[in-house]
Amino acid sequence: MRFSVSSSSLSNNLMSLAKVINSKNSLAILECILFDIRNGQLTMTASDSENTMKTTMALEECDGEAYVAISSRKLLDAVRELPEQPLTFEIDTTNYTVIVYYQNGQYNFIAENADTFPQDQPISEDSTLITVGAPVLSNNITRSIFATMQDNLHPAMNGIYFDLTAEGLFIVATDGRKLVRNKILNIKSETPASFILPKKPASLLKNVLPKDEGDVVIKFDTRSAIISYPGGTLTCRLIDGRYPNYNSVIPKNNPNQIMVDRKTLLSALRRVLPFASESSQLIRFHIEMGKLEISSEDLDYATSAKESIICDYNGQPMSIGFKGGSFVEALSNLESDEVLIELADPSRAGVIRPATQPDNEEVLMLIMPMLLND
């Protein structure tokens with residue numbers, strides 16, 4: 001059978017699918033991408049046995065059907081070097097030979113029987129359905145994923161928590177020292193439901209979700225989720241475990257509030273952070289009326305740095321320590337021009353909120369303080 005497809009479209013889809021495939025696989029077939037050609041469409045599938053991503057493309061020409069597995073590395077290396085042009089695939093499903101014709105040449109290689117490719121496990125009938133805008137989900141994952149943990153002892157905190165409640169859909173990530181809580185106000189349910197999305201499928205989604213339009217439908221049960229987005233689907237196994245009570249650690253009243261330009265503070269932190277101890281990354285915030293002074297030092301190497309920036313603050317003078325890297329990550333994943341930093345005292349967590357919240361959303365980030373030595 002033969003079909004034709006755009007080289008750039010094929011390459012872009014292959015690059016997204018290749019991120020699913022592990023460098024080492026228990027099954028040799030998982031090093032391949034499944035090609036399912038029927039009804040004038042090409043559906044490509046990649047899997048690592050826990051995550052399965054599918055993408056569908058309309059074919060320019062197609063004169064039959066085929067169901068084969070093709071080496072992802074070989075095909076991607078070949079296709080991404082080509083300029084935009086039509087590619088013609090000729091597949092012999094009897095002996096699994098593949099010929100790809102392009103403008104000035106051709107590729108020849110052997111495919112594999114796709115019958116051993118793992119099949120998706122069905123979702124149970126008592127599943128829950130959530131529909132969310134693709135740009136909103138993309139932004140929430142991007143904003144949260146840096147706060148997830150990497151620790152086998154706390155598997156539940158290694159992913160992003162989706163908590164559907166009567167108040168809204170909360171999307172949360174925490175590693176115990178920092179926390180991101182997103183609240184989508186226009187997605188609610190009187191029947192609570194929740195799941196923990198592992199970091200790998202979250203990263204895969206972040207890379208493929210459109211940034212401008214479209215909806216994502218998430219169907220999940222206690223074990224797995226099917227996430228359908230414009231152009232494809234992702235099926236993944238969920239993290240089994242009880243997520244910590246994230247609301248209990250968020251201070252209800254931090255009376256000392258600083259309004260400061262986000263980019264100004266972020267730039268100052270990036271200048272001061274290299275002079276802090278590499279092990280602790282301790283940055284001192286000293287706040288007084290109208291001024292925020294940030295400083296760092298490394299006694300082992302006799303280095304230090306200090307910088308002052310203008311802010312809006314009318315509370316009592318205060319000094320508090322934070323891990324500089326965490327603060328940089330938090331500010332980097334917000335978009336508003338200004339941020340509101342809420343503090344109580346040097347021993348309690350600081351809360352960061354964007355001065356301008358996204359439409360129909362409430363975003364906050366929490367960072368635990370570090371002990372100052374004076």
Side-chain angles (χ1 to χ4, degrees), residues 17 20 27 30 34 36 43 45-56 117-141 144-145 147-149 152 154-174 179-206 208-210 214-248 360-362:
L17 292 170
V20 181
L27 299 173
L30 294 179
L34 180 65
D36 187 1
T43 299
T45 305
S47 178
D48 64 0
S49 75
E50 291 192 352
N51 305 285
T52 301
M53 180 177 280
K54 296 183 179 182
T55 184
T56 300
F117 201 91
Q119 299 299 308
D120 295 340
Q121 296 298 314
I123 296 286
S124 64
E125 294 182 0
D126 59 345
S127 60
T128 302
L129 204 68
I130 299 174
T131 301
V132 57
V136 173
L137 182 59
S138 176
N139 290 338
N140 275 267
I141 291 175
S144 306
I145 199 166
T148 55
M149 182 179 275
N152 292 332
H154 302 87
M157 296 166 69
N158 291 342
I160 297 176
Y161 184 51
F162 286 68
D163 190 14
L164 181 62
T165 72
E167 295 180 41
L169 173 62
F170 292 87
I171 300 177
V172 184
T174 182
L179 178 144
V180 178
R181 189 191 72 180
N182 308 278
K183 182 180 180 182
I184 303 176
L185 302 172
N186 57 357
I187 301 177
K188 304 176 181 179
S189 174
E190 295 300 325
T191 305
S194 62
F195 68 92
I196 306 172
L197 183 68
K199 188 178 297 184
K200 181 174 178 177
S203 298
L204 293 170
L205 281 173
K206 185 182 73 168
V208 299
L209 290 177
D215 285 336
V216 179
V217 178
I218 306 172
K219 185 178 182 181
F220 64 95
D221 58 19
T222 57
R223 296 194 53 196
S224 56
I226 299 177
I227 303 169
S228 302
Y229 55 89
T233 62
L234 174 65
T235 303
C236 61
R237 188 175 300 170
L238 302 174
I239 295 176
D240 183 22
R242 186 179 181 86
Y243 205 78
N245 184 352
Y246 55 90
N247 284 317
S248 67
N360 291 313
E361 293 183 64
E362 290 180 4

_Test log, rule side-chain contact (heavy atoms from CB on, under 4.5 Å), inputs Tyr243 and Thr174_ = CA-CA 10 Å; Tyr243 205 78; Thr174 182; 3.4 Å; yes

*Could you tell me the separation between the CG atom of Leu27 and the CG atom of Asp48, rounded to the nearest 0.5 Å?*
11.0 Å

_Could you check whether Asp163 and Tyr246, counting side-chain N and O atoms only, form a donor-acceptor pair closer than 3.5 Å?_
yes

*Indicate whether the side chain of Glu361 and that of Asn139 have a donor and an acceptor atom separated by less than 3.5 Å.*
no

*Of the options Leu169, Asn360, Leu137, Ile130, which is the one that meets Ile184 in a side-chain contact (heavy atoms from CB on, under 4.5 Å)?*
Leu169

_Run the side chain to side chain contact (heavy atoms under 4.5 Å, CB included) test against Asp120 and tell me which residues pass, sequence neighbours left out._
Thr52, Lys54, Thr235

Student check: side-chain heavy atoms of [X] and [Y] closer than 4.5 Å:
X      : Y      : answer
Leu205 : Leu197 : yes
Cys236 : Asn51  : yes
Leu17  : Thr55  : yes

*Decide side-chain contact (heavy atoms from CB on, under 4.5 Å) for Thr148 and Asn158; before the verdict, give the C-alpha distance in whole Å, the side-chain angles of both, and the deciding distance to 0.1 Å.*
CA-CA 5 Å; Thr148 55; Asn158 291 342; 6.0 Å; no

*Shortest non-hydrogen contact from Ser138 to Lys206?*
OG-O, 4.2 Å

What donor-acceptor contacts under 3.5 angstrom involve side-chain atoms of residues 214-230, with partners at least two apart or in another chain?
from, atom 1, to, atom 2, distance (Å)
Asp221, OD1, Arg223, N, 2.9
Asp221, OD1, Ser224, N, 2.8
Asp221, OD2, Ser124, N, 3.0
Asp221, OD2, Ser124, OG, 3.2

_side-chain contact (heavy atoms from CB on, under 4.5 Å) for Val20 and Leu204? Distances and angles first, verdict last._
CA-CA 7 Å; Val20 181; Leu204 293 170; 3.8 Å; yes

*Expected output: side-chain Ser189 to main-chain Pro192 donor-acceptor under 3.5 Å*: no

